[in-house]
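The figures that follow rest on heavy atoms only: side chains count, while hydrogens, waters and symmetry mates do not. Naming convention: chains lettered A, B, ... in sequence-line order (proteins, then strands); numbering from 1 in each chain.
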Protein chains: 2
Amino acid sequence: MALDHAILVSLLERPGSGYELARRFERSIGYFWTATHQQIYRVLKRMESDGWIDVREVPQQGRPDKKEYSVAALGRTALSEWLHQPIEPESVRHDLAVKIRGAAFDDPAALIREVERYRQVHNERLDHYLAGEVRDFTGPQAAHAPGPPDAGRELQHVVLRGGIAYERMTLAWLDDVLATLRGLASDR
Amino acid sequence: MALDHAILVSLLERPGSGYELARRFERSIGYFWTATHQQIYRVLKRMESDGWIDVREVPQQGRPDKKEYSVAALGRTALSEWLHQPIEPESVRHDLAVKIRGAAFDDPAALIREVERYRQVHNERLDHYLAGEVRDFTGPQAAHAPGPPDAGRELQHVVLRGGIAYERMTLAWLDDVLATLRGLASDR
DNA sequence: AGCCTCATGTAAAAAGTTACATGATTGG
DNA sequence: CCAATCATGTAACTTTTTACATGAGGCT
């Protein structure tokens with residue numbers, strides 16, 4: 001039910017088309033909320049007919065026209081209401097943990113390769129986050145720059161730090177997993 | 001699509017009824033795969049009619065009879081096949097991160113209470129994990145006990161260690177979040 | 001000519017959530 | 001007597017996933 005709200009936040013940060021949103025959901029927002037373009041277009045349509053968002057047809061040269069969505073007053077209200085509701089416990093779907101426990105009834109050693117590959121994915125994601133942090137949250141306009149602190153920036157940064165902490169924790173755990181799997185493989 | 005496999009793993013670890021599975025999904029397995037009893041009963045029915053699992057009616061005294069499910073050969077094959085497929089990237093749904101970024105367009109200070117409550121939930125979960133670790137993975141039958149190392153135990157333990165690492169990371173991050181929110185609140 | 005990116009969708013199937021429903025026994 | 005636990009389900013609805021579909025323009 002919160003894809004609506006994830007889209008609203010993204011549109012508040014910057015108005016955009018369904019296509020652009022879909023791309024954002026492959027990067028920044030996508031790291032803590034996944035959605036495909038089919039979902040996005042459907043939700044956009046519903047939110048538009050509910051008056052939560054406004055559309056503006058933007059003609060473009062050299063590429064198809066697009067519909068740029070932005071958040072309307074009703075959408076802001078809906079988001080605000082949602083923000084004031086209790087945080088719900090995350091619903092987890094952790095394939096790898098199931099596979100690890102399942103490996104006891106199959107071949108634990110066979111998982112090693114896959115876990116190594118998986119580890120690489122997370123390593124790349126960490127690098128990506130760290131590069132983003134340097135790009136967006138260091139330098140002249142950061143920290144103690146003149147003027148009021150930008151709440152949006154600070155909040156985006158703390159979410160990014162969460163992503164970084166998550167990836168580091170995951171990498172350390174995957175090393176633990178690999179050591180355990182290798183231990184089981186060499187014990188026989 | 002992997003609820004099937006999560007149930008198969010749980011039934012391999014110990015056969016049980018739909019009700020018992022539902023309870024397990026509130027505890028151990030539930031920490032990395034959520035499911036309600038409605039889902040579970042439906043999947044059990046399907047897997048039974050597909051010959052993946054066997055049923056045995058167990059009459060009980062003082063309580064309703066139950067159907068005890070156990071994994072059949074076909075189910076084992078299906079699980080094995082799944083285990084050999086590539087690990088899929090987790091699909092994340094992280095309400096709190098969306099709310100934090102959304103707070104930039106509302107009142108960041110209003111989130112503080114909720115994050116504190118949320119932190120408590122994770123703190124309790126960490127305690128619960130740690131107690132489980134002491135109960136199940138220390139003591140006489142642990143580590144260098146005589147006999148072959150029990151692969152199942154080791155693998156369950158490494159998954160639990162993942163849960164512990166996750167909770168610790170989350171608690172540290174939530175402290176970071178709280179500090180950030182408080183900083184924004186006092187800055188005005 | 002063929003593939004990639006931009007851009008927007010429809011349709012069907014699978015999975016997940018929420019509400020409703022029943023009934024026995026045990027403990028306070 | 002009332003609430004909780006054990007035990008199993010049905011029905012309706014919402015959400016998510018997967019597959020299909022189209023079309024223009026730029027790049028090699």
Consider the side chain of [X], meaning its heavy atoms from C-beta on, and name the nucleotide among [options] that approaches it most closely.
X	options	value
B:Q60	C:dG16, D:dC6, C:dC6	D:dC6
B:T36	C:dG9, C:dT17, D:dA7	C:dT17
B:Q39	D:dG23, D:dT17, C:dT17	C:dT17
B:H37	C:dG9, C:dA7, D:dT8	D:dT8
A:R23	C:dA7, C:dC6, D:dC6	C:dC6

Item to complete: For the residue pair B:H157 and B:E133, establish whether any side-chain heavy-atom pair is separated by less than 4.5 Å.
Response: yes

Worksheet entry | Side-chain heavy atoms of A:Y166 within contact of A:Y129, under 4.5 Å |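 In short, these two side chains do not touch, never coming nearer than 4.5 Å.
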
Worksheet item: Do B:R42 and C:dT17 share a donor-acceptor pair, side chain to base, under 3.5 Å?
Response: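 In this structure, the two groups form a donor-acceptor pair.
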
Separation of [X] atom [atom1] from [N] atom [atom2], in whole Å?
X	N	atom1	atom2	answer
A:R63	C:dT8	CZ	P	11 Å
B:D95	D:dT15	CG	P	13 Å
B:L44	D:dA7	CG	C1'	13 Å
B:E90	D:dT17	CD	P	13 Å
B:E48	D:dG9	CD	C1'	14 Å
A:E88	C:dG16	CD	P	17 Å
A:L21	C:dG9	CG	P	13 Å
B:K66	C:dT25	NZ	P	17 Å

Item to complete: Considering only NZ, NE, NH1 and NH2 on the basic side and carboxylate oxygens on the acidic side, decide whether B:R46 and B:D4 come within less than 4.0 Å.
Response: yes

Practice prompt. Could you tell me whether B:R153 and B:D136 make a salt bridge, using a distance below 4.0 angstrom between a side-chain N and a carboxylate O?
Written response: no

Considering just the side-chain nitrogens and oxygens of [X], establish if one lies under 4.0 Å of OP1 or OP2 belonging to [N].
X	N	answer
B:K45	D:dT10	yes
B:Y19	D:dC6	yes
A:R93	C:dG16	yes
B:Y41	D:dT8	yes
B:R46	C:dA15	yes

Worksheet item: Under the side-chain contact (heavy atoms from CB on, under 4.5 Å) criterion, do B:D54 and B:V71 qualify, and how do the steps go?
Response: CA-CA 6 Å; B:D54 296 319; B:V71 180; over 6 Å; no

Worksheet item: When all nucleic acid strands are considered with a 4.0 Å heavy-atom cut-off, which category describes A:S17: base, sugar-phosphate, or nothing?
Response: sugar-phosphate

Worksheet item: Touch check for B:Q38, heavy atoms < 4.0 angstrom, all strands: base, sugar-phosphate only, or nothing?
Response: base

Worksheet item: Can you tell me if A:R101 uses its side chain to pair, donor with acceptor, with the backbone of B:A6 under 3.5 Å?
Response: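 Judged by distance alone, no pair lies under 3.5 Å.
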
Discussion item. On DNA chain D, does the nearest nucleotide to B:E68 precede the nearest nucleotide to B:S91 from the 5' side, or the other way round? Give the residue.
Written reply: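 Closest to the 5' end, via its nearest nucleotide, is B:E68.
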
